[in-house]
Asker: 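Below you will find the structure I want to go over with you.
Only a predicted model underlies this, so the values are computations on that prediction, with no experimental measurement involved.
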Number of protein chains: 2
Amino acid sequence: MVNYRTVEAMRNRIRIERAILDITQADLAERIHVSRQTINAIESNKYVPSAVLAMKIARIFGKTVEEIFELDEND
Amino acid sequence: MVNYRTVEAMRNRIRIERAILDITQADLAERIHVSRQTINAIESNKYVPSAVLAMKIARIFGKTVEEIFELDEND
DNA sequence: ACCAAAAGTAAAATAAACTTTACATTTTGA
DNA sequence: TCAAAATGTAAAGTTTATTTTACTTTTGGT
C-alpha cells in the first residue's frame, strides 16, 4: 500500500459532474484541450489546475469554479 | 515603447476590486500569502494564477472566481 | 517641488503544471 | 467470461508559475 502524491489544497467534484454528464476523462480532456492524464491528475488531486483550466472545467459542467472546486480549510 | 510579455487567456478585475477595498498590491499579497510581485504579475496578466490563488483572491473580494476573472473568447 | 509609498519591471532560481509515451489495473457490457 | 474501454500510474521532458532580491518609475499628499 503506497502513498501516492497528492496536493492538499482543494477538493473537487469532477468525477461526480462527469458522471452526471456521462462523459469519460478522455472526453473531458478533449473538450478543454488538455491531455487525459491532466484530467486524471486534477481529478485525483495530484496537482492544482491553473485558473484557466479550472474555469473551463467548471464551464463544461455549467457551474462556477467554487461549485466544482473547494479550498481546503486552513487557508 | 516596449512590449511587455502578457498571457492572452484571461482578463481580471483585481485592480478595481482592490480600489473598492482600498488595499495595495502588497496588502493583498500578504492576505493570501504570496509575494507582492505575484499579485502584480497576475493583475497585469503576465501569467495565469493557479486555481487556488484565483479562489483566494476572489474570496477576499467576496466574489466568485468568474466575477473576478474572465476567460478570453476563443477558448 | 519634494518625499514617501505604491506600482512596475527584471533576472535568476526553484517549484509546480502539463505533455508524451507507455504500461498495468479496473470496470463494463455483450 | 472475455474483450474492450476506462482509469491509474510513472518517468522524463518542457513550459509556466512563483519567489527573492533589487532597482526604477509613478502617484499622492503636503
Side-chain angles (χ1 to χ4, degrees), chain A residues 1-61 65-66 68-72 74-75, chain B residues 1-61 65-66 68-72 74-75:
Chain A
M1 203 271 252
V2 186
N3 287 314
Y4 300 112
R5 176 154 303 276
T6 63
V7 136
E8 264 312 306
M10 299 204 316
R11 313 186 83 264
N12 75 79
R13 292 175 40 87
I14 297 175
R15 191 171 321 243
I16 295 165
E17 299 294 335
R18 272 202 309 108
I20 294 173
L21 288 195
D22 191 24
I23 61 176
T24 68
Q25 292 182 347
D27 291 336
L28 180 55
E30 192 174 1
R31 293 182 64 176
I32 65 183
H33 307 113
V34 292
S35 70
R36 175 181 70 79
Q37 285 79 348
T38 293
I39 296 298
N40 184 276
I42 293 169
E43 184 169 316
S44 45
N45 296 303
K46 295 215 193 61
Y47 55 66
V48 169
S50 73
V52 168
L53 280 197
M55 290 176 77
K56 287 185 180 179
I57 291 170
R59 188 169 59 181
I60 296 273
F61 297 140
V65 168
E66 281 83 354
I68 304 297
F69 298 93
E70 184 180 11
L71 282 177
D72 255 37
N74 75 275
D75 47 12
Chain B
M1 202 272 252
V2 186
N3 287 313
Y4 301 113
R5 176 153 302 280
T6 62
V7 136
E8 263 311 306
M10 300 204 317
R11 313 187 83 263
N12 75 79
R13 292 177 37 87
I14 296 174
R15 189 170 323 238
I16 295 164
E17 298 294 334
R18 271 200 310 108
I20 293 173
L21 288 197
D22 191 24
I23 61 177
T24 67
Q25 291 182 347
D27 290 336
L28 180 54
E30 191 175 2
R31 292 182 63 174
I32 65 183
H33 306 113
V34 293
S35 70
R36 176 180 70 80
Q37 285 78 350
T38 293
I39 296 299
N40 184 277
I42 293 169
E43 184 167 315
S44 46
N45 296 303
K46 296 216 192 62
Y47 54 68
V48 168
S50 73
V52 167
L53 280 198
M55 291 177 77
K56 286 184 181 179
I57 291 171
R59 188 169 59 181
I60 297 274
F61 297 140
V65 168
E66 282 82 356
I68 305 297
F69 297 94
E70 184 180 10
L71 282 177
D72 256 36
N74 76 276
D75 42 15

Asker: Round to the nearest Å and state the distance from B:Q25 atom CD to D:dT19 atom P.
Answerer: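 Computing the B:Q25:CD to D:dT19:P distance gives 14 Å.
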
Asker: Any sub-3.5 Å donor-acceptor pair from A:N12's side-chain atoms to A:I42's backbone N or O?
Answerer: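 Flag set: sc A:N12 to bb A:I42 pair under 3.5 Å.
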
Asker: Shorter than 3.5 Å, N or O on both sides, protein versus nucleotides 27-30 of chain C: list them out with atom names.
Answerer:
none

Asker: Just the rounded figure in Å: distance from C1' of C:dT20 to CD1 of A:I39.
Answerer: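 Computing the A:I39:CD1 to C:dT20:C1' distance gives 16 Å.
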
Asker: Residues two or more places apart in sequence or in another chain: which of them pass side chain to side chain contact (heavy atoms under 4.5 Å, CB included) with A:A51?
Answerer: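 Only B:M10, B:V48, B:P49, B:A54 meet the side chain to side chain contact (heavy atoms under 4.5 Å, CB included) criterion with A:A51.
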
Asker: Grab the N/O contacts between the protein and nucleotides 15-17 of chain C below 3.5 Å, and write none if there aren't any.
Answerer:
residue : atom : partner : partner atom : Å
C:dA17  : OP1  : A:V48   : N            : 2.8
C:dA17  : OP1  : A:V48   : O            : 3.1

Asker: Please round to the nearest 0.5 Å and tell me the distance separating atom CG of B:L53 and atom CD1 of B:I39.
Answerer: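 Spacing of CG (B:L53) from CD1 (B:I39) equals 7.0 Å.
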
Asker: Quick one: is C:dT19 close enough that its OP1 or OP2 comes under 4.0 Å of any side-chain N or O from A:S35?
Answerer: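 Answer is yes, contact under 4.0 Å.
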
Asker: Closer than 3.5 angstrom, by distance alone: can the side chain of A:E66 be matched with the main-chain N or O of B:V65 as a donor-acceptor pair?
Answerer: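 Looks like yes, one N/O pair under 3.5 Å.
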
Asker: Atom CG of B:N45 to atom P of D:dT18: distance rounded to whole Å?
Answerer: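 Those two atoms, CG and P, are 13 Å apart.
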
Asker: Quick one: bend of the helix from C:dA1-D:dT30 to C:dA30-D:dT1 from 5 pairs per end, to 10°?
Answerer: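 So the angle between the two local helix axes works out to 70°.
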
Asker: Suppose we screen for side chain to side chain contact (heavy atoms under 4.5 Å, CB included). Which residues come up paired with B:L21, at least two apart in sequence or across chains?
Answerer: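 Testing B:L21 for side chain to side chain contact (heavy atoms under 4.5 Å, CB included), a comparison that skips the adjacent residues, returns B:I23, B:I60, B:F61.
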
Asker: Starting at CG of B:L28 and ending at C1' of C:dA6, how long is that distance when rounded to a whole Å?
Answerer: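 It is 14 Å, rounded to the nearest whole Å.
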
Asker: Suppose we screen for side-chain hydrogen bond (donor to acceptor under 3.5 Å, both in side chains). Which residues come up paired with B:E17, at least two apart in sequence or across chains?
Answerer: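 side-chain hydrogen bond (donor to acceptor under 3.5 Å, both in side chains) list for B:E17, sorted by chain: B:R13, B:K63.
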
Asker: To the nearest 0.5 Å, tell me how far B:K56 NZ sits from B:L28 CG.
Answerer: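 One finds 11.5 Å between NZ of B:K56 and CG of B:L28.
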
Asker: Whole angstroms only, please: what is the CD1-C1' distance between A:I32 and C:dC18?
Answerer: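 A:I32 atom CD1 is separated from C:dC18 atom C1' by 12 Å.
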
Asker: Rounded to the nearest 0.5 Å, what separation is found between the CD1 atom of A:I68 and the CD1 atom of A:I57?
Answerer: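 Between atom CD1 of A:I68 and atom CD1 of A:I57 there are 9.0 Å.
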
Asker: Reading nucleotides 23-30 of chain D 5' to 3', which nucleotides get B (base under 4.0 Å from a protein heavy atom), which S (sugar-phosphate only), which -?
Answerer: --------

Asker: Counting only side-chain N and O atoms of B:N40, is one of them less than 4.0 Å from OP1 or OP2 of C:dA7?
Answerer: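 For B:N40, the contact criterion (side-chain N or O under 4.0 Å from OP1 or OP2 of C:dA7) is not met.
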
Asker: If you take all heavy atoms of A:T6 and A:S44, which pair is closest and at what distance?
Answerer: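 In terms of heavy atoms, the two residues are closest at CG2-O, 3.9 Å.
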
Asker: Please check this pair: side chain of A:T24 against backbone of A:A26, looking for a donor-acceptor N/O pair closer than 3.5 Å.
Answerer: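 Between the backbone of A:A26 and the side chain of A:T24 there is a qualifying donor-acceptor contact (under 3.5 Å).
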
Asker: I need the A:I14 CD1 to A:Q25 CD distance, nearest 0.5 Å.
Answerer: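 Reported value, rounded in 0.5 Å steps: 9.0 Å.
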
Asker: For a 4.5 angstrom cut-off between non-hydrogen side-chain atoms, does A:R11 reach A:N45?
Answerer: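 Contact flag for A:R11/A:N45 side chains = no.
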
Asker: Show each protein N/O and nucleotides 3-5 of chain C N/O combination with a separation under 3.5 Å, one pair to a line.
Answerer:
none

Asker: Restricting to side-chain hydrogen bond (donor to acceptor under 3.5 Å, both in side chains), what partner residues turn up for B:R15, sequence neighbours left out?
Answerer: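 Checked B:R15 against side-chain hydrogen bond (donor to acceptor under 3.5 Å, both in side chains); matches are B:E43.
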
Asker: B:Y47 vs B:T38, test: side-chain contact (heavy atoms from CB on, under 4.5 Å). Steps then yes/no.
Answerer: CA-CA 9 Å; B:Y47 54 68; B:T38 293; 3.6 Å; yes

Asker: When the distance from CD1 of B:I57 to C1' of D:dA17 is rounded to whole Å, what number comes out?
Answerer: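 Atom-to-atom, B:I57 to D:dA17, this comes out as 13 Å.
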
